[in-house]
Amino acid sequence: MTVAEVVFYLLALLSVIAAVGVVTVPNVVHAALFLILSLLGVAGFYILLSSEFLALVQVLIYGGAVATIILFGLMLTGGRDLPAVGPGAQWPLALLVSGALVVLLLTAVLNTTWPRDAGEMTLISINTLGSVLFREWLLPFELASLVLLVALIGAVVISSQEERES
Amino acid sequence: MLYLRRLRDIIHNRGDPVLDEFGRIGILLLFALLFPSLPLMISYLFRLLRIRPEAPDPVKMDTYECGVETEGDSWVQFNFRYYLVALIFVVFDVEVVFLYSWAVAFPDLLLVAYIEALTFIGILAIGYIYAWRKKALEWR
């Protein structure tokens, strides 16, 4: 096994265990932390695939922004009042459905003859990405800041409205 | 499927420039994980070997060694106003994604990129000033 292979299996183990943790842990905050761990594991896959920009986006957006929103949502709602998450009364039915789905997916994967040659994947470094973004796609880039501006102003307006109502 | 194929290529073929660079970061990460966890593991091992005595004490096991004693649960309902801080953070977090590629490509572009990024940040600064003027950042 090469080093990359070992790293891949370690990352896969980490992501899968964390993903299982998300749905099995009774505490919602712990589940959110497991979710962050799983998403960071996916960032590791992107690095293994030499897509460093995607890895960066994964860490910043999923590991940073999405995780922050989820954690803030939990903090603001006061999770103590929520009942502990656990298997409900419908678990045999859920087991049946998900088990059938696993069998279906596995047979589909095993019976498909995957194409041997999927073509060459072009790797784009952050450097070329930045150059193209700032030379050829300047207007969309500046428009992105306008979209962010709208989001920012929207957040301020909505929060000040709710303040007035309360 | 393209990615799986690519992954297989990488696994059987070393010398990828990006992977080589991140390999060094991986070693650093490994060291960063081992450095704090090793003393804990050694301590646990010593307890198993009965070299280290085990004497739990309510003062010793406290979360903070000094200062005000902690009271109640750590999981309480926080003030709603924090949500605005989270939303503003998300907006600037997305901004960083764009600025990261800008920072890396900067040596090739120089003055043009400088003006472009200033425009980008300037538009977002309007939102920041708006939030400031609306007193959204003040605690009420």
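Any value given below was found using the heavy atoms of this structure, including those in side chains, with hydrogens, waters and symmetry copies removed. Order of the sequence lines fixes the chain letters, A, B, ..., with proteins taken first and strands second; residue numbering starts at 1 for each chain. In this text, all values refer to a predicted model and were calculated from it rather than measured experimentally.
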Peer 1: According to a 4.5 Å side-chain heavy-atom criterion applied to Ile, Leu, Val, Met, Phe, Trp and Tyr, with indirect links allowed, do L118(B) and V112(B) form part of one hydrophobic cluster?
Peer 2: no
Peer 1: Residue by residue, scan residues 95-109 of chain A and write down, ordered by number, those that have a heavy-atom distance under 4.5 Å to chain B; if none do, write 'none'.
Peer 2: none
Peer 1: Among V66(A), L138(A), T128(A), L146(A), which has the most heavy-atom pairs under 4.5 Å with chain B?
Peer 2: L138(A)
Peer 1: Which atoms of Y83(B) come close to chain A, meaning under 4.5 Å heavy atom to heavy atom: side chain ones, backbone ones, both, or neither?
Peer 2: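 Both parts, backbone and side chain.
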Peer 1: Quick check for you: among I61(A), L71(A), L133(A), V147(A), which has the greatest number of heavy-atom pairs under 4.5 Å with chain B?
Peer 2: I61(A)
Peer 1: Determine whether L139(A) and V150(A) fall in the same hydrophobic cluster, where Ile, Leu, Val, Met, Phe, Trp and Tyr are linked whenever their side-chain heavy atoms lie under 4.5 Å apart.
Peer 2: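 Cluster IDs for L139(A) and V150(A) differ.
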Peer 1: State, to 0.1 Å, how close A131(B) and V156(A) come at their nearest heavy-atom pair, and which atoms those are.
Peer 2: CB-CG2, 3.6 Å
Peer 1: What's the separation between atom CD1 in I123(B) and atom CG in L148(A), rounded to the nearest 0.5 Å?
Peer 2: 10.0 Å
Peer 1: Heavy-atom distance under 4.5 Å to chain B: side chain of V7(A), backbone, both or neither?
Peer 2: neither
Peer 1: Kindly work out whether a path of hydrophobic side-chain contacts (I/L/V/M/F/W/Y, heavy atoms less than 4.5 Å apart) joins L45(B) to I51(B).
Peer 2: yes
Peer 1: For F89(B) and G64(A), which heavy atoms make the closest approach, and how far apart are they?
Peer 2: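 Nearest heavy atoms, F89(B) then G64(A): CE2-O, 4.0 Å.
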Peer 1: For the atom pair CG (L60(A)) and CD (E95(B)), what is the distance rounded to the nearest 0.5 Å?
Peer 2: 11.5 Å
Peer 1: Side chain, backbone, both or neither: which part of L84(B) has a non-hydrogen atom closer than 4.5 Å to chain A?
Peer 2: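 Contact with chain A involves the side chain of L84(B) alone.
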Peer 1: Do you reckon I42(B) sits in the same ILVMFWY cluster as L49(B), going by side-chain contacts under 4.5 Å, direct or chained?
Peer 2: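 Yes, same cluster.
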Peer 1: Considering heavy atoms only, which positions within residues 96-104 of chain B lie below 4.5 Å of chain A?
Peer 2: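 Those residues of residues 96-104 of chain B which have a heavy atom under 4.5 Å from chain A are V96(B), V97(B), F98(B), Y100(B), S101(B), W102(B), V104(B).
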Peer 1: So which heavy atom on A151(A) is nearest to which on V91(B), and how close?
Peer 2: CB-CG2, 4.2 Å
Peer 1: Where is the tightest heavy-atom contact between S131(A) and A105(B), given as atom of each residue plus distance?
Peer 2: N-CB, 3.6 Å
Peer 1: When you look at CZ of F92(B), are more than 12 heavy atoms from neighbouring residues, nucleotides or ligands closer to it than 6.0 Å?
Peer 2: yes
Peer 1: Please give me the minimum heavy-atom distance between F134(A) and E116(B), naming the atom from each residue.
Peer 2: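 Between these two residues, the closest heavy atoms are CD2-OE1, 2.8 Å.
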Peer 1: Starting at CG of L152(A), measure out to CG of L87(B) and round the result to the nearest 0.5 Å.
Peer 2: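 The CG atom of L87(B) is 9.0 Å from CG of L152(A), to the nearest 0.5 Å.
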Peer 1: Taking every heavy-atom pair that is under 4.5 Å apart, which of Y130(B), F106(B), Y128(B), Y82(B) has the most such pairs with chain A?
Peer 2: Y130(B)
Peer 1: Quick check: is I25(B) connected to I47(A) through a chain of hydrophobic side chains (ILVMFWY, heavy atoms under 4.5 Å apart)?
Peer 2: yes
